[in-house]
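Every chain is numbered from 1 and lettered A, B, ... according to where its sequence line falls, protein lines coming before strand lines.
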Amino acid sequence: MADMPLVHAVNVTKSFGDNQVLKGIDMDVHKGEVVCFLGPSGSGKTTFLRCINQLETINGGRIWVDGELMGYADKGGVLHRLHDKEIARQRREIGMVFQRFNLFPHKTVLDNIIEAPVQVKGEKKAEVTVRAKELLERVGLADKPLAYPGQLSGGQQQRVAIARALAMRPKLMLFDEPTSALDPELVGEVLTVMRELAKEGMTMIVVTHEMAFARDVADRVVFMDGGVVVEQGDPKQVINNPQHERTQTFLRRMQSEHEQAVAAVADPLGLTQDS
Amino acid sequence: MSTDTVDRPGEIHARPVRHPGRWVALVIIAILVAMLISSFITNPKWDWGFAFQIMQQKPVINGLWKGTILGTIGAMILGIVLGVILAVMRLSENPVLRGVSFAYTWFFRAMPRYVLLAFMGGAIALLYREFDIGVPFGQQIAGALGLSTDLTFWSFSWNDISSTIWVGILGLGLSEAAYMAEIARAGILSVDKGQGEAAQALGMSPGQAMRRIILPQAMRVIVPPTGNETIAMVKDTSLFIAASIITELYFQAYGFGQRSFKIVPGFMAAVMWYLIVCSILMVGQSYLERYFGRGFGAQAPTKRERKVKDLLSRTGDH
């Protein structure tokens, strides 16, 4: 049982109407591992992430998290769909961070963080508040408990979102393109928090376009395209020396986009230096 | 690029654009208002003194509180609660609930309130004299089994409540629910889908997510039209007479004027009370909008935020 992976997915398929988005994904993620999913948009990596905590219902295959079959009860070989409340219980220990933060705009930062531990787990408000303040300190926002999300920058909001997910004491964290909606200068502060989290041994599955983050932080990189896992392995291996042609094409395009982005920032600076 | 400060343009002191039209409009409106006021004063038929007297008559005040205001509050509470339930039903995955909600809205939106109140006041008592709460088809079942009881737990006679405020609240409330359902549905749909997902990802059940996360945000969209509905409801209580409910502001004030052969002051007494009540409601509405709009855009902080800030700044002084 010690070797049982925290996430154990077998032959996962998912279709939206006629469009098959996942075509049989096998994936094991072990405790403490940081796995980065790379791939072009539409490759199914975000969908797979959302299948793990059942924001999407899978059409085939099985997903186990910490030994528990997600979404179904297996009664003598026949699967019974779980009740909404049971599914909600399964989600409690899986934290998720969204591309667009999805903080609750009508609640303060503090109330965002204590909401689920108090309402879902029934923990005492005073205890959770203490923990929430520690978490805010950890993500560098100790001075913002009473701010509303609308008063924060994107990077600050995403750090609150991470704190909110951590307040549930998850054993697995899912990140769905956590920096894609951020202005370039705000990406770093969020990645820093995620690096810290990885260092502390959190099991993380990260869908991202941040190559540097994947190379430096991930234990394993998974490259997806067209609903299948094309290639996976050691980050430096996959990113610096991809074996598969589709991986090579994707990484080349990412590289040129990165250079363009750098140029876009540098050019105006160049102009000001000229005058 | 010269750096000589003398040549650089300074602060702007421009002449404003002239608006002669505004002055013309002001003069015309001032003349019209003066004519109106002069008519109020010089035409004895207005009889403001008597109108103010009618406003303070006991039956009129009674009608205002126990008819107009109580009726508005009761009908709006019923309408909002039932309306939100109907909206949630309409958005549910259960096709039966969706159908029921649709049929309800369809029926009550088509029904004029006057007709509905008249029906409840006049026709229901003819159809059903007594309402029995118990096992469905209890009387038939008891008859077939030869039981001494008819499986009824509680019953009441419609006559006990007809011509009372309860019929008025029921009629207007049922009708209002159809409109509130649409307003609440629009409010719920206005909340970003990511909010529900974030709540579910944190382990909330769909019901918890609806109550704690989605509905409070939907309120921002629901409150302004609900304020309008409430103000409209104040006026619709004047339809109570259709169900023979006479403890109501307009019927009482108008009746007073009629009995004293001073029709106009009777009208004006009711008009002034309606203006006062609706003005107060509009102030209340703006407070509610601010409360439910918290966290959205820049605005004055709510009372609680001010308190917390005060507390923090005071503790910071040490």
Side-chain angles (χ1 to χ4, degrees), chain A residues 49-50 52-56 83-122 143 145-152 161 164-170 172-174 176 181 275, chain B residues 1-3 92-94 187-188 190-223 288-313 315-316:
Chain A
L49 197 73
R50 290 164 60 87
I52 295 174
N53 74 344
Q54 302 173 76
L55 287 181
E56 308 289 353
H83 194 271
D84 284 340
K85 285 203 173 124
E86 280 296 301
I87 292 175
R89 184 187 57 73
Q90 290 188 330
R91 287 194 187 110
R92 282 184 199 178
E93 294 179 321
I94 305 174
M96 184 157 191
V97 174
F98 296 86
Q99 184 177 355
R100 288 173 54 243
F101 331 131
N102 295 351
L103 291 178
F104 306 133
H106 60 305
K107 291 180 181 292
T108 61
V109 164
L110 187 66
D111 286 341
N112 262 278
I113 297 172
I114 68 173
E115 173 72 17
V118 171
Q119 294 298 326
V120 176
K121 282 184 164 175
D143 56 334
L146 296 177
Y148 281 98
Q151 299 164 328
L152 302 179
R164 178 177 70 174
L166 291 176
M168 288 295 279
R169 302 190 201 272
L172 169 68
M173 284 286 284
L174 309 174
D176 180 15
S275 62
Chain B
M1 281 282 173
S2 163
T3 49
S92 94
E93 285 173 10
N94 183 332
I188 291 169
S190 77
V191 178
D192 181 47
K193 215 172 83 278
Q195 291 293 310
E197 285 186 351
Q200 290 193 355
L202 285 164
M204 291 193 190
S205 67
Q208 269 179 324
M210 179 60 78
R211 278 194 313 277
R212 301 281 312 173
I213 305 302
I214 296 172
L215 276 181
Q217 292 181 62
M219 291 305 283
R220 193 172 58 97
V221 173
I222 292 173
V223 164
L288 277 179
E289 277 177 33
R290 195 152 51 167
Y291 176 76
F292 283 110
R294 69 198 190 284
F296 290 91
Q299 62 220 298
T302 62
K303 211 168 153 193
R304 179 170 169 261
E305 284 167 48
R306 275 202 304 270
K307 253 194 212 155
V308 171
K309 230 181 201 157
D310 259 25
L311 222 71
L312 286 179
S313 66
T315 49

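Between B:Glu289 and B:Arg220, no side-chain nitrogen of the basic residue sits less than 4.0 Å from a carboxylate oxygen of the acidic one, so the salt-bridge criterion is not met.
Neither the backbone nor the side chain of A:Leu174 comes within contact range of chain B; no heavy atoms are under 4.5 Å apart. For A:Pro105, the parts lying near chain B are the backbone and the side chain together; criterion is any non-hydrogen pair under 4.5 Å. Residue contact with chain A, scored on non-hydrogen atoms closer than 4.5 Å, involves the side chain of B:Gln208 exclusively. Contact of B:Ala199 with chain A is made through backbone and side chain together, with heavy-atom distances under 4.5 Å.
Under 3.5 Å, the side chains of A:Gln90 and A:Gln54 contain a donor-acceptor pair of N or O atoms.
Ranked by heavy-atom pairs under 4.5 Å with chain B, the list A:Arg100, A:Lys85, A:Arg164, A:Glu115 is led by A:Glu115. The residue among A:Lys107, A:Arg89, A:Lys121 with the most heavy atom pairs within less than 4.5 Å of chain B is A:Lys107. The candidate from B:Gln200, B:Arg212, B:Gln217, B:Met204 with the greatest count of non-hydrogen atom pairs under 4.5 Å with chain A is B:Arg212. With respect to chain B, the highest number of heavy-atom pairs below 4.5 Å among A:Arg92, A:Gln119, A:Met96, A:Met168 belongs to A:Gln119. Of the listed residues (B:Asp192, B:Ile213, B:Val191), the greatest number of heavy-atom pairs within a distance under 4.5 Å of chain A belongs to B:Ile213.
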Point to revise | Chi angles and distances behind the side chain to side chain contact (heavy atoms under 4.5 Å, CB included) call for A:Val97, A:Asp176 | key: CA-CA 6 Å; A:Val97 174; A:Asp176 180 15; over 6 Å; no
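Between A:Ile94 and A:Pro170, every side-chain heavy-atom pair lies at or beyond the 4.5 Å cut-off. Between B:Leu202 and A:Val120, the closest side-chain pair of non-hydrogen atoms is not below 4.5 Å.
Nearest approach of A:Asn112 to A:Phe104, heavy atoms of both residues: OD1-N, 2.7 Å.
Distance CG/A:Leu103 to OH/A:Tyr148: 13.5 Å, rounded to 0.5 Å.
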